[in-house]
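Below is one structure, written out as structure tokens; comments come after it.
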Amino acid sequence: MNDTATVITGWSVVSPYGFGSESYVDGLLSGGDTARPVGGDGSALPDARACTVPGLDPAAILDGKGVRHLDRASQLALATLSDLVDHDLDTGERAGLVLGTALGSVQTEMDHMRASLKGRRPHLLDPKTLASGTMNCAAAQCAIRFGITGPNTTIAGGRAAGLHALDYAGRLLAAGRAGRVIAGAVEEYTPARAWLTHHACSRRLERLGEGGVLFRLEPPGAREPLAHVLAVSGRVALGCDLPAAVVACTQDLLDRAGVAPGDVWAVLDAGGSLRERAAVAGLVGPDALTRIPAADGIGDTGAASAAFAVATALGIATRWPEAAGRHVLVMATDPNGAVSGALLRLGGA
Amino acid sequence: MTAPVAGRRVVVTGMGAVSGIGVGLREFADALRAGRSAAAPATSFDTTGFPSEIVCEVRGFVPGDWIRTLDPARLGRAAQFAAAAARMAVQDAGLEPETLARCRGLVTIGTTNGESQDVDELTAADVREGPDRMRPELARRVPPQTIATSVARELGLSDVDARVIGTACSAGNYAIGEGLDAIRLGLADYVLCGGSDAVSRKTFAAFHRLGLVAPDACRPFDAERRGIVTGEGAGVLLLESAEHAAARGARVHAEVLGYGLNCDGEHPVAPSRASVGRCMRLALEDAGVKPEEVGFISAHGTGTQLNDITECDAIRDVYGDRTPPVVSLKSMLGHTMGAASALAAIACALAMTEEFIPPTINHRQTDPACDVDCVPNVARPARVDVVQNNGFAFGGDNAVVVLGRYGREER
């Protein structure tokens with residue numbers, strides 16, 4: 001079965017290191033820790049520190065009403081998109097946008113419920129926040145503010161949400177439903193996410209992070225590719241056997257792309273356990289797992305984790321000549337049993 | 001424009017419905033024909049102080065009747081609905097889950113609010129006792145993707161992509177469209193696609209705040225329509241290629257002829273007539289169908305002032321004076337959000353095989369500004385070959401699916 005070949009021809013990042021891909025790659029290579037004190041506004045949080053994006057002021061980036069009232073994920077998505085969008089290429093009816101999320105608009109949803117329980121009347125919610133109350137708000141805002149009027153899709157996919165977005169976007173291109181698609185993922189640091197993650201993970205070692213990552217995807221041929229997306233695939237682990245599912249997913253990716261395990265130059269693992277990493281190492285060799293530095297300094301970026309891993313690979317390719325033409329495997333797993341992977345071939349060979 | 005990609009033909013061979021008017025395909029079909037209403041006072045949450053108390057809940061649903069592998073008590077309500085509907089769809093297709101497990105699949109489920117009742121309960125715990133008192137088991141199942149992974153785990157399907165489409169109230173059609181492309185392009189052997197949502201206080205409050213909730217009943221296209229009634233449920237369809245279905249002698253409910261996706265890119269809440277019309281044209285073009293071949297339109301039909309006029313105007317822009325009957329399932333089911341266009345697609349398929357057009361109930365007098373034949377109140381016997389199923393969402397995310405009677409002609 002041949003996968004639909006697509007290429008990445010542009011990318012942008014808003015990360016705890018700052019705005020833009022250059023600051024991300026600089027931060028990644030320096031390995032600096034971005035954790036900052038949180039809760040300064042008095043909100044109760046389970047964390048003293050988190051890897052938040054400094055100086056996010058979407059009104060400074062975007063004109064227009066209502067940006068300040070949007071949820072933080074939408075603001076991060078707009079800030080990321082504003083750095084990537086090419087008004088000739090990425091807008092109009094043939095341009096699509098696919099955005100990955102993990103918890104959707106849970107902060108706004110909880111704010112609404114809180115207002116319903118505590119307000120004078122149970123339905124007197126803040127009208128300015130109603131548009132942020134559904135998961136598709138960020139993607140729709142991107143379409144509205146930049147005029148991207150082709151397919152507009154929001155995908156809930158956990159840590160691998162960015163890989164689901166790449167996969168889905170590739171199908172839109174293969175089916176001819178769009179000529180270019182911007183796809184990626186966004187994650188916010190909010191009290192709702194912090195508490196839900198705190199309760200969901202009994203032993204959380206990593207600090208929470210946030211950010212936005214977007215890629216421009218096109219059919220091959222139009223522009224010099226930064227990377228080829230050779231295959232994207234997912235599985236669901238049954239009986240909690242994540243390592244077995246990781247191995248099966250990796251094998252599937254290699255088979256589809258026709259790449260030998262020994263030809264995987266680097267593996268970027270977006271939040272897997274030691275057992276899962278060992279399982280992949282058993283297949284492609286241990287060196288691949290340590291070839292590229294992991295972006296530990298930005299913390300657990302949730303829905304954007306796998307998208308950040310892809311960004312890491314693209315960033316390394318801009319700095320390390322030996323990365324040109326290499327195969328990179330990105331893997332992500334989630335406690336609900338979802339396993340996803342993507343196999344890329346970096347450009348510049 | 002790019003021509004539609006030629007590929008494998010895609011058929012629906014299994015369907016499962018969990019709805020306020022019936023649980024299971026037979027009950028659902030009979031209720032559609034009878035024009036039943038799911039509207040009743042809410043039991044899932046306290047409506048004290050709200051301007052109304054009517055919602056369209058699923059009643060008499062026993063999760064354990066359908067969910068066997070997983071412990072239903074450990075699933076949120078949306079995941080329960082989806083897993084049950086998926087189990088029904090696989091049974092209806094005459095397939096054993098073990099057979100599917102040997103093939104490459106896709107599980108793609110649309111939702112607007114995910115496990116909204118769990119989010120409400122977590123918030124209530126926060127308000128009552130503080131955020132450190134949230135229940136961990138609820139926090140763990142709140143990520144919406146868990147709806148899709150629960151479907152896969154319940155049916156023992158490992159070799160699947162499992163994801164949730166979060167494109168609000170058109171998400172069910174998005175999922176069906178994604179399924180169509182996956183089979184057409186040869187990327188999956190089978191697809192379980194559809195939508196699921198549960199009623200919740202938060203959703204009820206938000207639609208009330210927007211002034212879009214009808215106090216008594218949803219009356220699409222009616223001169224006195226007052227808005228939506230929030231609802232819940234799940235619809236799941238099993239898709240496979242026509243060759244695969246024929247090879248195993250499967251009964252085919254319908255062919256998925258095509259779909260269209262676009263985004264208004266204009267307003268967070270108000271729909272665009274031109275953009276909605278463009279989405280319908282994209283779907284008809286993808287399906288290779290001319291407007292005059294369409295036997296009826298299953299409208300998004302929310303029963304709000306703005307949606308119904310905009311949608312009817314857009315339909316007339318595309319269909320002109322040959323506009324077929326335009327019905328709204330939401331009159332019976334309420335607005336089941338992410339499940340809405342999935343349940344409506346199932347209704348469209350049943351309408352073709354059982355030869356009737358489902359009615360728009362609660363109807364008194366058609367709004368002259370809508371001016372459509374909405375098949376008021378009583379189902380109409382009719383042999384229909386092609387149906388267009390509309391789904392629109394806040395944010396301007398439009399998805400239109402076109403279904404056809406399988407073998408209606410040699411195409």
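All chains are named by letter (A, B, ...) in the order of the sequence lines, taking the proteins before the strands, and each is independently numbered beginning at 1.
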Side-chain donor/acceptor of R209(B) to backbone N/O of L125(A), under 3.5 Å: yes
Could you walk me through whether E178(B) and T153(A) pass side-chain contact (heavy atoms from CB on, under 4.5 Å), step by step? CA-CA 11 Å; E178(B) 193 201 358; T153(A) 307; over 6 Å; no
Worked check of side-chain contact (heavy atoms from CB on, under 4.5 Å) between E109(A) and T203(B): CA-CA 9 Å; E109(A) 291 169 30; T203(B) 308; over 6 Å; no
Evaluation steps, side-chain hydrogen bond (donor to acceptor under 3.5 Å, both in side chains), between N136(A) and T167(B): CA-CA 5 Å; N136(A) 65 331; T167(B) 314; 5.9 Å; no
Under 4.5 Å from any heavy atom of chain B, what part of L130(A) do you find: side chain, backbone, both or neither? side chain
Top contributor to chain B contacts, counting heavy-atom pairs under 4.5 Å, from A156(A), G96(A), A140(A), C137(A): A156(A)
Count the heavy atoms of every other residue, nucleotide or ligand shown that sit under 6.0 Å from CZ of R133(B), and state whether that count exceeds 12. no
Looking only at P127(A), A160(A), G239(A), most heavy-atom pairs under 4.5 Å shared with chain B are made by P127(A)
Quick one: are R235(A) and D159(B) in side-chain contact, heavy atoms under 4.5 Å? yes
Give the member of K118(A), M110(A), M113(A), R121(A) that has the highest number of heavy-atom pairs under 4.5 Å with chain B. M113(A)
With R114(A) as reference, evaluate D126(B), T123(B), D120(B) under the side-chain hydrogen bond (donor to acceptor under 3.5 Å, both in side chains) test and give the passing residue. D126(B)
Just so I understand: if I count every heavy-atom pair under 4.5 Å between each of A143(A), A248(A), A131(A) and chain B, which residue has the most? A143(A)
Note: R177(A)-D286(B) ion pair, threshold 4.0 Å (strictly below): yes
Report which part of P335(A) has an atom under 4.5 Å of a heavy atom belonging to chain B: side chain, backbone, both, or neither. neither
Just by distance, do the side chain of Y174(B) and the backbone of N152(A) share a donor-acceptor pair under 3.5 Å? yes
Counting only non-hydrogen atoms closer than 4.5 Å, does R141(B) touch chain A with its backbone (N, CA, C, O), its side chain (CB onward), both, or neither? neither
Between P268(B) and I144(A), what is the shortest heavy-atom contact and its length? N-CD1, 3.8 Å
Tell me, side chain or backbone of L157(B) under 4.5 Å from chain A's heavy atoms, or both, or neither? backbone
